Amino acid sequence: VKTNVVNKIKDGYVRFKADDFELDEDVNYSFIINDNLPIKHDIYDAIKDNNISSEDILSIKYFPLNIFKVKTINTCNATLPGHTNSILCLTFSPNSLHLATGSGDNTIRLWSIDTKTPIATLRDHSGWVLVVLFSPDNKFLATAGMDKNVCIYETHSGKLLNILTGHKKEVTTLCFEPLHFRLASAGKDGIIRINNILNNNIDKILTGHTNTITCILWSGENEKNSRIYSSSRDTTIKIWDVYEGTLLYDFKGHSHWVNCLSINTERILKNGIYDLDVVINKIDIKNCIEKAKSIYKKFIKNENIEKVVSGSDDGTLYLIDCLKQNKYKTTRLLGHQQPVIHVLFSPNGKLIASTSFDKSVKVWSAYCGTFLASYRGHVGPVYKLAWSIDNNYFVTCSQDSTLKLWKVNHLLPLLNKSQNTNEKTPSSDNSEKNGVTTVTINNANGNVKNAQQNKPDSSSSLKKNSETETTKNKKKTKEDEKNKKKAVKTMIVDLPGHEDAVYAIDWSNDGRYVASGGKDKVLKIWSY
């Protein structure tokens, strides 16, 4: 196979495209020269100290390194009763050994994934529990809800460590500071409070929102460079400098409530040290902070910048690129016909999936916001989604009482084309040269193609072009019909089992389990 583009050579592997085929999965490859010299950085470094001349012909072999692949979820592994009201929220711990569920019965239940049994029932809230969140180091569990309080528990035992007070109304969202012991909380009072989780000392209070804060996210590799992103029903998205306690950016593009927010580093920041190697191989990390920093730095080095995406009741999404020197670039994503309920970056930050009241799920390119695909199958509003850790699948839950598993790895060719088109799109001044006009065409399936049309010199050339165009159109219609017959099956598994609407869903970091809960009050664990 003749390689056309070699994108990156890092840590002994590369990711590439080839002339003779298109990869339908994101696969890493290692390259070896003459059967004994691995290419770690570039070819020159590999051969410079091995008496190989630049005139020699080199034999380069490549080997796939797809070491981990999530199996498709297809069966209900356990049905766990216990809650006496709707399950409103749930989340897996970063090490995939624990699960926390919050309910309208004012309790949190902490579950062991290995035994499928409850470790503890936590009854310290006096109102509905709206949010549960594990700390990135897996030591603490934070919960909040309608009683305006935030409770901090020990993950392994469920022991209550502290209760944080101060909010005047319901607390709707929480986020931990990366690598540290502070927690940000926000809710209907429009205030973001930053506390040390082990005492009631308030480090900072960020004010500016005039309505309910729907989501907050905390990013950054150290305290001086940390940022908090917040969305609100006041139709704004705000970006805060946590160290200075100042507002950096106030985005006012949405025309209605902003319901959800996601950043491309979200999965990495929430997992801390628990990347695939640590979770699958159960590696014991001694210096957790340095390990988490290296994971974050490696991701940012590959992606260059941090990106934020929001979903709103106005049916639109906005992709915000956080450029250097506190500059921001925004892109509007159109497609949903009703309010967007949930939006989430894939773990590698390359894809965006969004769910809506219009019963559909849409997938977008995280590079430039290009629409890639629409997934239909639910007969009710789609409430939430969760990505598999290998970026190949996501699972959705709906008011129609079902879960559905979808594949996305077939979209990688479209994703690569959208990235290349975004990089190579000419400006309006340079779009016409030497009698050639470059036209960008957006297909119904979200594919982007560049077509070149030669400028005609006379009426005869016009006739010839029209004839050739008609024949080409006929061929295209035939090809389109063939492509429709060969349509990719995007919904892999339909997972019925719940008796009513499913409100909450999550996928464990080891890829083994999906958890779901909703109006029927039972927790279901799904596996392969």
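Just so it is clear, the structure is predicted and the values come from calculations on it, not from any experiment.
With Ser310 contributing its side chain and Cys260 its backbone, the two residues share no donor-acceptor pair below 3.5 Å. In this structure a side-chain-to-backbone donor-acceptor pair under 3.5 Å is missing from Lys327 to Lys324. Using a distance-only test at 3.5 Å, with no hydrogens or angles considered, a donor-acceptor pair links the side chain of Ser135 to the main chain of Phe140. Of the possible polar contacts, one joining the Thr355 side chain to the Val382 backbone as a donor-acceptor pair under 3.5 Å is found. Between the side chain of Ser103 and the main chain of Ser86, a donor-acceptor pair closer than 3.5 Å is present. Looking at Asn195, its side chain never comes within 3.5 Å of a backbone N or O of Ile197 through a donor-acceptor pair. Distance alone, capped at 3.5 Å, places no donor-acceptor pair between the Thr107 side chain and the Arg123 backbone. The main-chain N or O of His256 is never found under 3.5 Å from a side-chain atom of Thr235 such that the two would form a donor-acceptor pair. Although no hydrogens or angles enter the test, the distance criterion places no donor-acceptor pair under 3.5 Å between the side chain of Thr402 and the main chain of Leu495. Between the side chain of Ser93 and the backbone N or O of Asn138 there is no donor-acceptor pair closer than 3.5 Å.
At a threshold of 4.5 Å between non-hydrogen side-chain atoms, the residues Lys139 and Glu154 do not count as touching. At a threshold of 4.5 Å between non-hydrogen side-chain atoms, the residues Phe371 and Val363 do not count as touching. Under the 4.5 Å side-chain criterion, counting only non-hydrogen atoms from C-beta, Ile192 is not in contact with Ile205. Between Val131 and Thr173 the shortest side-chain heavy-atom distance does not fall below 4.5 Å. Residues Tyr393 and Trp387 are not in side-chain contact: their nearest non-hydrogen atoms beyond the backbone lie 4.5 Å or more apart. Side-chain contact between Cys322 and Tyr229 is present, with at least one heavy-atom pair separated by less than 4.5 Å. For the pair Leu405/Leu403, no side-chain contact is recorded, criterion being any heavy-atom separation below 4.5 Å from C-beta on.
For the atom pair CG (Leu183) and CD1 (Ile194), the distance works out to 9.5 Å, reported to the nearest 0.5 Å. How far CG of Asn196 is from CG of Asn199: 4.0 Å, rounded to the nearest 0.5 Å. Distance check: Thr75 OG1 to Ile525 CD1 gives 11.5 Å after rounding to the nearest 0.5 Å. Here the CG atom belonging to Leu523 is positioned 9.5 Å from the CZ atom belonging to Arg109, to the nearest 0.5 angstrom. Rounded to the nearest 0.5 Å, atoms CG (Asp114) and OG1 (Thr117) are 9.5 Å apart. Interatomic distance, Ser398 OG to Tyr503 OH, rounded to the nearest 0.5 Å: 11.0 Å.
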Evaluation steps, side chain to side chain donor-acceptor pair (under 3.5 Å), between Ser219 and Glu306
CA-CA 9 Å; Ser219 75; Glu306 207 160 47; 2.9 Å; yes
Please determine whether side chain to side chain contact (heavy atoms under 4.5 Å, CB included) holds for the pair Ile341 and Lys384, giving the CA-CA distance in whole Å, both sets of side-chain angles, and the decisive distance to 0.1 Å.
CA-CA 7 Å; Ile341 310 171; Lys384 282 205 170 181; 5.9 Å; no
Using the rule given for side chain to side chain contact (heavy atoms under 4.5 Å, CB included), can you reason through Val408 versus Asn391, listing the C-alpha separation, both sets of side-chain angles and the distance that settles it, and then say yes or no?
CA-CA 8 Å; Val408 293; Asn391 310 287; 5.9 Å; no
Does the pair Val340 and Ser312 meet the rule for a side chain to side chain contact (heavy atoms under 4.5 Å, CB included), with working shown?
CA-CA 5 Å; Val340 179; Ser312 168; 6.0 Å; no
Determine whether Trp257 and Thr214 satisfy the following criterion, side chain to side chain donor-acceptor pair (under 3.5 Å), listing intermediate values before the conclusion.
CA-CA 9 Å; Trp257 295 350; Thr214 55; over 6 Å; no
Could you walk me through whether Leu133 and Phe176 satisfy the side chain to side chain contact (heavy atoms under 4.5 Å, CB included) test, starting with their C-alpha distance in whole Å, then the side-chain angles of each, then the deciding distance to 0.1 Å, before giving a yes or no?
CA-CA 8 Å; Leu133 181 68; Phe176 277 97; 3.7 Å; yes
Please evaluate residues Ser112 and His98 with respect to the criterion side chain to side chain donor-acceptor pair (under 3.5 Å), reporting the C-alpha separation (whole Å), side-chain torsions for both, the decisive distance (0.1 Å), and the verdict.
CA-CA 5 Å; Ser112 167; His98 300 89; over 6 Å; no
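Applying the ring pair (Phe, Tyr, Trp, His ring centres under 6.0 Å) criterion to Phe251, with sequence neighbours excluded, gives Tyr318. Partners of Lys359 by salt bridge (Lys or Arg N to Asp or Glu O under 4.0 Å), not counting sequence neighbours: none found. Residues forming a side-chain hydrogen bond (donor to acceptor under 3.5 Å, both in side chains) with Lys270 (at least two apart in sequence, or on another chain): Glu266. Under the salt bridge (Lys or Arg N to Asp or Glu O under 4.0 Å) criterion, Lys362 pairs with no residue, sequence neighbours left out.
Between Ile505 and Leu90, the shortest heavy-atom contact is C-CD1, 3.8 Å. For Ser157 against Ile119, the heavy-atom pair with the smallest separation is O-CG2, 4.4 Å. The nearest pair of heavy atoms linking Leu411 to Tyr375 is CD1-OH, 3.4 Å. The minimum heavy-atom distance linking Ser262 with Val343 is given by the pair CB-O, 3.6 Å. Of all heavy-atom pairs between Tyr243 and Asp241, the closest is N-OD1, 3.1 Å. The heavy-atom pair separating Pro347 from Ser388 by the smallest distance is CG-O, 3.5 Å.
The side chain to side chain donor-acceptor pair (under 3.5 Å) contacts involving residues 335-346 comprise His336-Ser354, His336-Asp358, Ser346-Asn348, where partners must be two or more places apart or lie in separate chains. Pairs engaging residues 192-205 under the salt bridge (charged side-chain N to carboxylate O under 4.0 Å, His left out) rule: Arg182-Asp203 [sequence neighbours left out].
Residues Asp189 and Lys168 are not paired through a salt bridge, judged by the lack of any N-O separation under 4.0 Å between the basic side chain and the carboxylate.
For the residue pair Arg233/Asn259, the side-chain donor-acceptor check at 3.5 Å is not satisfied. Side-chain contact, Asn509 with Asn271: a donor N or O sits under 3.5 Å from an acceptor N or O. When only modelled atom types and interatomic distance are considered, Trp240 and Thr246 share no side-chain donor-acceptor pair under 3.5 Å. Side chains of Asp314 and His254: a donor on one and an acceptor on the other come within 3.5 Å.
Surrounding NZ of Lys524 are more than 12 heavy atoms belonging to other residues, nucleotides or ligands, all under 6.0 Å away. More than 12 heavy atoms of other residues, nucleotides or ligands shown are found within 6.0 angstrom of CZ on Arg376. When the shell of 6.0 Å around NZ of Lys307 is examined, it contains more than 12 heavy atoms from other residues, nucleotides or ligands.
Side-chain rings of Tyr513 and Tyr528 stay apart, their centers remaining 6.0 Å or farther from each other.
The aromatic rings of Tyr328 and Tyr249 sit parallel, their planes meeting at an angle under 30°, below the 60° perpendicular limit. Ring orientation note: the planes of His498 and Trp526 are tilted relative to one another, at an angle of 30° to 60°.
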